[in-house]
2 protein chains.
Amino acid sequence: MAANSRLTIATHALAWLALARRRGQEVLTSEQVAASVNTNPVIIRRSLGDLRRAGLVEVRHGAGAGWSLAREPEGITLLEVYDAVDAQPPFGLHRTEPNLECPVGHGIRPALSGVYGRVEQAMRRELAETSIADVLRETLVN
Amino acid sequence: MAANSRLTIATHALAWLALARRRGQEVLTSEQVAASVNTNPVIIRRSLGDLRRAGLVEVRHGAGAGWSLAREPEGITLLEVYDAVDAQPPFGLHRTEPNLECPVGHGIRPALSGVYGRVEQAMRRELAETSIADVLRETLVN
DNA sequence: GGTGGGTGTAACAGAAACTGTTGCAACAAC
DNA sequence: GTTGTTGCAACAGTTTCTGTTACACCCACC
């Protein structure tokens with residue numbers, strides 16, 4: 001599968017909004033964000049639409065419209081962004097149901113669900129450690 | 001993308017090999033494994049081929065051929081299986097290069113690589129905590 | 001109250017990845 | 001040799017994501 005870049009696009013957009021705000025430009029259009037990410041404005045609207053539904057950004061319509069952060073960048077963690085864009089989980093179970101008459105086929109799905117759940121929890125703990133402000137700081141030193 | 005089920009298929013095959021061995025049947029054919037996973041034998045050969053290259057299973061050719069574990073199931077961790085099947089990493093960077101003239105576009109890829117690396121390390125630590133024997137034990141209580 | 005710049009969303013094309021399938025060469029026990 | 005099995009290439013089908021076009025809707029501003 002194509003590597004999932006949704007979290008990357010959304011984080012990029014948020015970091016750019018945070019930097020623009022620090023520079024005094026509160027509102028950016030999807031076209032301005034798209035110019036930094038180097039993609040189509042519709043991709044940005046889809047991504048920022050997810051973030052708006054999660055309460056991370058706000059949108060203004062009409063003339064002079066555009067997007068702005070709904071919260072301080074220090075308070076937005078990558079875990080919230082991850083949940084907002086609902087990227088696919090790292091591992092999937094069997095696509096077709098295994099043979100339930102085999103003892104392994106019968107019990108392996110709940111067993112793996114437990115392992116995969118712990119893995120995802122570890123991932124989430126790590127994502128919660130980093131904020132948009134952290135990403136922006138790291139970005140600007142490069 | 002379709003959820004990645006490679007780790008699931010490989011782990012299922014290993015658990016089944018471990019159980020069969022405990023029952024006195026050292027060697028299984030790809031068709032016997034496929035019957036438990038409920039898929040095509042070629043899928044199993046591809047998966048077990050990855051595990052063979054990683055030294056986790058052994059194969060015998062000719063008549064009476066088939067697959068067997070190369071190590072004790074207690075000593076095979078899901079991290080080794082994960083590395084053997086090289087599933088895709090959970091997050092991808094931008095598909096097209098961002099605008100390098102924008103300060104965010106310029107520095108965000110190394111910044112995100114750092115975060116994503118820490119997330120993957122957390123995932124790997126968790127995968128290393130579980131062995132095939134653990135999975136089999138959990139499987140048989142369900 | 002128009003007007004114009006921008007968002008919201010549907011529809012569709014293209015690319016990429018994975019699964020599943022068929023077919024056949026290679027191989028080794030018997 | 002015969003037979004059962006792996007190794008692998010080639011291809012179709014499905015799914016998912018990205019990218020693109022098109023158009024309705026919205027609202028600050030004149």
Side-chain angles (χ1 to χ4, degrees), chain A residues 1-10 12-13 17 25-35 37-54 57-68 70 82 85-99, chain B residues 1-10 12-13 17 25-35 37-53 57-68 70 85-99:
Chain A
M1 139 201 124
N4 201 331
S5 61
R6 283 194 196 180
L7 181 60
T8 294
I9 303 300
H12 185 149
L17 282 174
Q25 186 165 13
E26 188 79 25
V27 173
L28 292 180
T29 68
S30 58
E31 189 150 2
Q32 291 172 309
V33 176
V37 179
N38 190 24
T39 185
N40 193 292
V42 176
I43 303 291
I44 300 300
R45 280 183 228 150
R46 283 205 274 247
S47 181
L48 288 175
D50 287 338
L51 300 180
R52 175 178 56 77
R53 278 181 281 276
V57 300
E58 286 168 350
V59 66
R60 274 168 47 189
H61 281 199
W67 305 86
S68 55
Y82 172 73
V85 300
D86 64 279
Q88 64 175 353
F91 305 121
L93 293 178
H94 307 68
R95 180 162 305 198
T96 63
E97 182 169 79
N99 180 358
Chain B
M1 133 202 124
N4 201 330
S5 62
R6 283 194 196 180
L7 182 60
T8 295
I9 303 300
H12 185 148
L17 282 173
Q25 185 165 15
E26 188 78 24
V27 173
L28 291 180
T29 68
S30 57
E31 188 151 3
Q32 291 173 309
V33 177
V37 179
N38 190 21
T39 184
N40 193 292
V42 177
I43 303 291
I44 299 300
R45 280 183 225 148
R46 283 206 275 248
S47 180
L48 287 176
D50 287 338
L51 301 180
R52 175 178 55 78
R53 280 181 281 277
V57 299
E58 286 168 350
V59 66
R60 274 166 48 188
H61 281 198
W67 306 86
S68 55
V85 300
D86 65 279
Q88 63 175 354
F91 305 121
L93 293 178
H94 307 68
R95 180 163 305 198
T96 64
E97 182 169 79
N99 181 358

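Chain naming here is simple, since letters A, B, ... match the order of the sequence lines and numbering starts at 1 in each.
- Checked against side chain to side chain donor-acceptor pair (under 3.5 Å), B:Ser47 has no partners two or more places apart in sequence or in another chain.
- Taking every heavy atom of both residues into account, A:Leu7 and A:Tyr82 meet most closely at CD1-N, 3.7 Å.
- Residue A:Arg6 has its side chain nearest to D:dC17 when only D:dT6, D:dC17, C:dA10 are considered.
- Within 4.0 Å of B:Gly49, counting heavy atoms only, lies no atom of the nucleic acid at all.
- Look at CG on A:Asn38: it is 12 Å from C1' on D:dG19, rounded to the nearest Å.
- With hydrogens and angles ignored, a donor-acceptor pair closer than 3.5 Å exists between the side chain of A:Arg46 and the base of D:dG19.
- Considering only the side chain of A:Ser30, C:dT7 comes nearest among C:dT21, C:dT7, D:dT18.
- Side chain of A:Arg52 to main chain of A:Glu58: no donor-acceptor pair is present (N/O by atom type, distance under 3.5 Å, no hydrogens or angles).
- Closest contact between the side chain of B:Trp67 and the listed nucleotides D:dG7, C:dT21, C:dT9 involves D:dG7.
- For B:Ala65, counting side-chain heavy atoms from C-beta on, the closest listed nucleotide (C:dG8, D:dT5, D:dC17) is D:dT5.
- The side chain to side chain contact (heavy atoms under 4.5 Å, CB included) test with A:Ile9 singles out one residue from A:Asp50, A:Ile44, A:Asn4, and that residue is A:Ile44.
- Across the interface with DNA chain D, nearest-nucleotide mapping of B:Leu28 and B:Thr96 shows B:Leu28 to be the residue nearer the 5′ end.
- The distance from atom CD1 of B:Ile43 to atom C1' of D:dG7 is 14 Å, rounded to the nearest whole Å.
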inquiry  = Protein within reach of the bases, or only the backbone? For nucleotides 24-30 of chain C, mark each nucleotide 5' to 3' as B, S or -, using heavy atoms under 4.0 Å.
reply    = ---BBB-
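- Ranking C:dG20, D:dG7, C:dT7 by closeness to the B:Thr39 side chain, first place goes to C:dG20.
- At whole-Å resolution of the value, CD1 in B:Ile9 and P in C:dT19 are 7 Å apart.
- Residues B:Asp86 and A:Thr29 each lie close to DNA chain C; by heavy-atom proximity, the contact nearer the 5' end of the strand is made by A:Thr29.
- The backbone N or O of B:Arg95 sits nowhere less than 3.5 Å from a side-chain atom of A:Ser5 that would complete a donor-acceptor pair.
- Remark: A:Ser5 is in phosphate contact with D:dT18, judged by side-chain N or O atoms under 4.0 Å from OP1 or OP2.
- In this structure, the CZ atom of A:Arg52 is 8 Å from the C1' atom of C:dG8, given to the nearest Å.
- Protein atom CG of A:Leu7 is 11 Å distant from nucleotide atom P of D:dT18, rounded to whole Å.
- The side chain of A:Asn40 lies closest to D:dT21, out of D:dT21, C:dC18, D:dT5.
- For the pair A:Ile44 CD1 and C:dG8 C1', the interatomic distance rounds to 15 Å; values are reported in whole Å.
- Residue B:Arg95 has its side chain nearest to D:dC17 when only D:dT20, C:dT21, D:dC17 are considered.
- The 12-atom threshold is not exceeded at CZ of B:Arg60, counting heavy atoms of other residues, nucleotides or ligands nearer than 6.0 Å.
- One atom, CD of A:Glu31, and another, C1' of C:dG8, lie 16 Å apart when rounded to the nearest Å.
- To the nearest 0.5 Å, the span separating CG on B:Leu93 from OG1 on A:Thr8 amounts to 5.0 Å.
- If you take CD of A:Gln32 and P of C:dG5, they are 14 Å apart, rounded to a whole angstrom.
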Could you pull out all donor-acceptor pairs under 3.5 Å where a side-chain atom in residues 27-34 of chain A meets a protein atom, sequence neighbours excluded?
residue: A:Thr29; atom: OG1; partner: A:Glu31; partner atom: N; Å: 3.4
residue: A:Thr29; atom: OG1; partner: A:Gln32; partner atom: N; Å: 3.1
residue: A:Ser30; atom: OG; partner: A:Arg45; partner atom: NE; Å: 3.2
residue: A:Gln32; atom: OE1; partner: A:Thr29; partner atom: N; Å: 2.9

